[in-house]
Peer 1: 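For reference, the structure I am asking about is given below.
In this text, all values refer to a predicted model and were calculated from it rather than measured experimentally. Index from 1, following the sequence.
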Amino acid sequence: MTFSVADLKEISPFLAVLVSILALTISPFIAGRFAKSQAVASMRERWIYAFRDCLVELITEFDVLHEIGPSEGLVTDQRYEEAAKKMRMLVNRARLMVNPQEQLYVDLIKEIERTIELLAYGIKRYEEFHDLNDRVKLLAQRAIRSEWEKIAP
């Protein structure tokens, strides 16, 4: 079976209508999927920035409190109560932002809790605090990098 130019001219309006119908039905589907992926990436990006800001604020609190706090732990004056409350708020925010099923986040929260415990009950060896604080920073960097990799094309 061979087609001549005349045969193609006869079926071309039908083919044009068919292609138009396909384009009209498929293009919204494709556009919708693309828009959804863009929206998810945008929301995830905002989440990463909020997560990073939370961790930066928390780690800064660690650095400041270890410099100004007593070595026997946070005493119960107003300044340290406010600092402890702020640290609790930040660690709770971080805990609610992460996936408790991912080991990286489990380790990060565990190390944050250990650091808060050292600050609250007293730093006996500053080397231990610095090692723990460095570990928190390293895990925080890994977590943030991991999230950026999830949205990278």
Peer 1: As an exercise, state the distance from CE of M89 to CD of E57, rounded to the nearest 0.5 Å.
Peer 2: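 Those atoms lie 6.0 Å apart.
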Peer 1: How many angstroms lie between CG in L138 and CD in E111, if you round to the nearest 0.5 Å?
Peer 2: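 Here the interatomic distance stands at 10.0 Å.
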Peer 1: Can you tell me how far apart NZ (K110) and CZ (R135) are? Round to the nearest 0.5 Å.
Peer 2: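 So the NZ of K110 and the CZ of R135 are separated by 7.5 Å.
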Peer 1: Look up atom CD in E128 and atom CG in L118, then write down how far apart they are to the nearest 0.5 Å.
Peer 2: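 It is 4.5 Å, given to the nearest 0.5 Å.
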Peer 1: Take K137 and D63 through the test salt bridge (charged side-chain N to carboxylate O under 4.0 Å, His left out) and record every step on the way to the result.
Peer 2: CA-CA 11 Å; K137 290 174 186 175; D63 290 339; 3.6 Å; yes
Peer 1: Which is it for R52 and E147 under the salt bridge (charged side-chain N to carboxylate O under 4.0 Å, His left out) test, yes or no, and what are the steps along the way?
Peer 2: CA-CA 10 Å; R52 183 201 59 202; E147 291 302 323; over 6 Å; no
Peer 1: Could you state the interatomic distance from CG (L58) to CD1 (I116), rounded to the nearest 0.5 Å?
Peer 2: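 Atom-to-atom, L58:CG and I116:CD1 are 5.5 Å apart.
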Peer 1: Looking at E127, I'd like to know if its CD atom is crowded, meaning that more than 12 non-hydrogen atoms belonging to other residues, nucleotides or ligands lie closer than 6.0 Å.
Peer 2: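 Open: at most 12 neighbouring heavy atoms sit under 6.0 Å from CD of E127.
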Peer 1: Is the gap between the ring centers of W148 and F51 under 6.0 Å?
Peer 2: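 No; F51 has its ring centre 6.0 Å or more from that of W148.
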Peer 1: Is it the case that atom NZ in K85 sees more than 12 heavy atoms from other parts of the structure closer than 6.0 Å?
Peer 2: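 No, the 6.0 Å shell around NZ holds no more than 12 heavy atoms from other groups.
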Peer 1: Any side-chain heavy atom of L90 within less than 4.5 Å of one from R93?
Peer 2: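 Touching, per the 4.5 Å side-chain cut-off.
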Peer 1: Classify the side-chain pair R46/S42 by whether it contains a donor and acceptor separated by less than 3.5 Å.
Peer 2: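 Judged by distance alone, the side chains do pair up.
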Peer 1: In Å and rounded to the nearest 0.5 Å, what is the CG to CZ distance from L119 to R114?
Peer 2: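 If I round to the nearest 0.5 Å, the distance is 12.5 Å.
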Peer 1: Which heavy atom of L108 sits nearest a heavy atom of A143, and at what distance?
Peer 2: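 So the minimum-distance heavy-atom pair works out to CD2-CB, 4.4 Å.
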Peer 1: Side-chain heavy atoms under 4.5 angstrom apart, residues restricted to Ile, Leu, Val, Met, Phe, Trp, Tyr: same cluster for V91 and V56?
Peer 2: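 Not linked; separate clusters.
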Peer 1: For residues I151 and I48, determine if any side-chain heavy atom of one lies less than 4.5 Å from a side-chain heavy atom of the other.
Peer 2: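 Side-chain contact under 4.5 Å: yes.
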Peer 1: Please determine whether salt bridge (charged side-chain N to carboxylate O under 4.0 Å, His left out) holds for the pair E82 and R88, giving the CA-CA distance in whole Å, both sets of side-chain angles, and the decisive distance to 0.1 Å.
Peer 2: CA-CA 10 Å; E82 289 174 13; R88 244 330 108 202; over 6 Å; no
Peer 1: If we ignore hydrogens and angles and just use 3.5 Å, is the side chain of S146 paired with the main-chain N or O of R142 as donor and acceptor?
Peer 2: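 Looks like no, no N/O pair under 3.5 Å.
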Peer 1: Do Y105 and R95 come within less than 4.5 Å of each other through their side chains, counting heavy atoms only?
Peer 2: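 No. Closest side-chain heavy atoms not under 4.5 Å.
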Peer 1: Going by side-chain contact (heavy atoms from CB on, under 4.5 Å), I112 matches just one of L132, N133, V136, L139. Which one?
Peer 2: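 Going through the options one by one, the only one that passes is V136.
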Peer 1: What is the minimum heavy-atom distance between C54 and A94, and which atoms define it?
Peer 2: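 Answer, listing the atom of C54 first, then A94: SG-N, 3.8 Å.
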Peer 1: Membership question, hydrophobic clusters at under 4.5 Å side-chain separation (ILVMFWY): are V40 and W47 in the same one?
Peer 2: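 Result: no, two separate clusters.
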